[in-house]
Amino acid sequence: MTMATHTPLRFVAVGDSFTEGVGDTDLRLPNECRGWADRVAEELATHRPQTQYANLALRGRRLRQIVVEQLEPALAMAPTLVSFHAGGNDLLGARLDMRLLVRGFEDAVARIAQTGAQVLLFTEYNVPLSPVLEPLKLRTAVFNKHIRRISAAYGTLLVDHWCFEKYQDRRMWAPDRLHMSGIGHEYMAKKVLEVLGAAPSLGSPVLGALQPRSRAAIMADDAAWLRRDVAPWLLRRFRGVSSGDHLSARWPAVMPASRLTTFWDGRASKQPNFRDFRQREAPKMCSA
């Protein structure tokens with residue numbers, strides 16, 4: 001996709017925590033995160049000042065929930081570009097019907113493509129959780145094979161996350177080891193913009209050599225991770241709840257992407273109240 005400046009661009013992001021921005025913490029923003037999609041919208045606004053943006057993604061959502069809750073509101077916004085990331089939470093489930101997952105994913109992509117919007121897909125990454133969860137890598141590889149096939153069949157854009165070597169560095173990941181860190185989100189924004197054909201001002205992260213860790217330090221870090229992140233996650237799974245159950249979409253109504261740009265550049269005479277804007281212009285969302 002080559003970025004032309006003469007046509008309006010309406011970018012709507014759909015998905016789970018990957019697209020919501022979890023791991024890229026900013027307490028000033030809705031749901032206290034920023035993420036790659038916000039960064040992409042900001043950059044697109046520098047190429048096309050009339051760019052509009054909405055982000056309906058929510059953490060913890062599985063494919064079916066994303067389709068039921070987000071797809072119809074997203075398409076009602078008449079987007080010209082839709083990013084779609086789904087299936088990661090399904091892959092983490094104890095029981096998985098891969099055929100059903102792939103069929104649902106393809107149906108969703110077909111539905112978006114039928115509107116004439118450009119579709120942007122992502123492969124999943126082999127998240128470095130723990131050697132105990134190494135079998136997850138096989139699931140991810142199989143799902144990614146289908147994502148690449150679907151992308152080719154429907155002529156979508158594809159960000160092949162699986163192939164990005166920089167994510168082998170643990171500093172690209174948040175302490176929970178499941179979500180990208182702020183650096184990871186910034187690099188993802190850069191790769192998305194490259195796929196879109198934009199000229200990003202974002203640079204690649206310059207990370208110095210990792211300091212070696214002792215076995216005792218690694219074990220202590222693993223124990224803290226299990227206590228802080230894994231145990232609560234397992235408890236939520238057992239109870240059938242999600243960390244996103246009491247949250248709403250960060251940007252549920254299309255807005256000028258330049259609002260984000262002026263906020264971060266500090267050019268606005270008064271800091272925008274994003275929460276008020278979200279509450280005032282949010283459309284009703286479908287329920288699961």
Side-chain angles (χ1 to χ4, degrees), residues 1-4 7-20 35-37 40-41 43-44 47-48 51-58 61-91 96-126 138-164 188-198 200 249 254 257 286:
M1 177 179 178
T2 301
M3 296 299 302
T7 55
L9 178 63
R10 181 170 287 187
F11 170 36
V12 178
V14 172
D16 49 31
S17 58
F18 173 85
T19 301
E20 183 188 355
W36 67 264
V40 166
E43 287 284 320
L44 291 176
H47 295 271
R48 297 177 175 179
T51 295
Q52 294 184 310
Y53 170 58
N55 189 329
L56 307 184
L58 265 180
R61 295 305 194 254
R62 298 193 182 199
L63 172 64
R64 182 182 175 279
Q65 293 171 303
I66 292 169
V67 170
V68 170
E69 298 173 6
Q70 300 177 28
L71 205 55
E72 184 176 343
L75 298 183
M77 297 177 189
T80 59
L81 171 66
V82 178
S83 68
F84 183 75
H85 180 278
N89 288 307
D90 297 83
L91 295 176
L96 174 68
D97 186 331
M98 182 63 76
R99 291 184 180 180
L100 186 62
L101 177 63
V102 171
R103 186 183 310 124
F105 189 95
E106 183 165 2
D107 288 346
V109 172
R111 187 173 167 188
I112 301 170
Q114 286 173 356
T115 68
Q118 178 68 71
V119 186
L120 176 67
L121 301 180
F122 302 79
T123 55
E124 300 287 340
Y125 192 76
N126 179 35
L138 178 59
R139 281 185 177 183
T140 304
V142 171
F143 188 46
N144 283 344
K145 180 179 178 181
H146 287 289
I147 291 175
R148 294 186 184 101
R149 173 188 60 79
I150 292 168
S151 176
Y154 292 89
T156 80
L157 301 174
L158 178 66
V159 178
D160 205 342
H161 192 188
W162 176 273
C163 299
F164 298 161
M188 180 57 63
K190 178 179 183 296
K191 303 304 289 185
V192 169
L193 289 162
E194 289 175 357
V195 169
L196 293 176
V254 286
C286 298

If we only count heavy atoms from C-beta on, is the Leu157 to Leu121 side-chain gap below 4.5 Å? no

Are Phe84 and Phe122, when compared by the centres of their aromatic rings, separated by less than 6.0 Å? no

Counting distance only, does the side-chain N/O of Arg10 pair as donor-acceptor with the main-chain N or O of Gln52 below 3.5 Å? no

Working for side-chain contact (heavy atoms from CB on, under 4.5 Å), residues Leu81 and Val12: CA-CA 6 Å; Leu81 171 66; Val12 178; over 6 Å; no

Residues which pass salt bridge (charged side-chain N to carboxylate O under 4.0 Å, His left out) with Asp160, listed by chain and number, not counting sequence neighbours: Arg148

What closest approach, in Å, do Ala108 and Val67 show between heavy atoms, and which atom pair accounts for it? CB-CG2, 3.9 Å

Trace of the side-chain contact (heavy atoms from CB on, under 4.5 Å) decision for Trp162 with Thr140: CA-CA 9 Å; Trp162 176 273; Thr140 304; 3.6 Å; yes

Less than 6.0 angstrom separating the ring centers of Phe164 and Tyr125, yes or no? no

With a 4.5 Å heavy-atom cut-off, do Ser83 and Phe11 have their side chains touching? yes

d(Ile112 CD1, Tyr154 OH) to nearest 0.5 Å is 11.5 Å

In terms of heavy-atom contacts, Ala74 and Pro79 come closest through O-CD, 3.3 Å

Validation row: Gln118, Thr80 side chains within 4.5 angstrom (heavy atoms): no

Applying the side chain to side chain donor-acceptor pair (under 3.5 Å) test to His85, which of Thr123, Thr19, Asp16 qualifies? Asp16

Are any non-hydrogen side-chain atoms of Arg111 and Asp107 less than 4.5 angstrom apart? no

For the CG atom of Asp97 and the CZ atom of Arg99, what is their distance to the nearest 0.5 Å? 8.0 Å

Side chain to side chain, Pro73 and Leu56, heavy atoms closer than 4.5 Å: yes

When rounded to the nearest 0.5 angstrom, what is the spacing between CG in Leu101 and CZ in Phe143? 4.0 Å

Nearest-0.5 Å distance that lies between atom CD in Glu43 and atom CG in Leu196: 11.0 Å

Establish, from distance only, whether the side-chain atoms of Glu106 and His146 form a donor-acceptor pair under 3.5 Å. no

Measure the OG-CG distance between Ser151 and Leu120 for me, rounded to the nearest 0.5 Å. 9.0 Å

If I compare all heavy atoms of Ala86 with all of Glu124, which pair ends up nearest, and what's the gap? O-OE2, 3.8 Å

Here the gap from Thr156 atom OG1 to Ile147 atom CD1, rounded to the nearest 0.5 Å, amounts to 9.5 Å

Evaluate the side-chain contact (heavy atoms from CB on, under 4.5 Å) criterion for residues Trp36 and Leu193: first the C-alpha distance (whole Å), next the side-chain angles of each, then the deciding distance (0.1 Å), finally the verdict. CA-CA 10 Å; Trp36 67 264; Leu193 289 162; over 6 Å; no

Does the side chain of His161 come within less than 4.5 Å of Met188's, by heavy atoms? yes

Hey, is the main chain of Arg62 close enough, under 3.5 Å, to the side chain of Asp90 for a donor-acceptor pair? no

Judged by atom type as modelled, is there a donor-acceptor pair below 3.5 Å linking the side chain of Arg61 to the main-chain atoms of Gly15? no

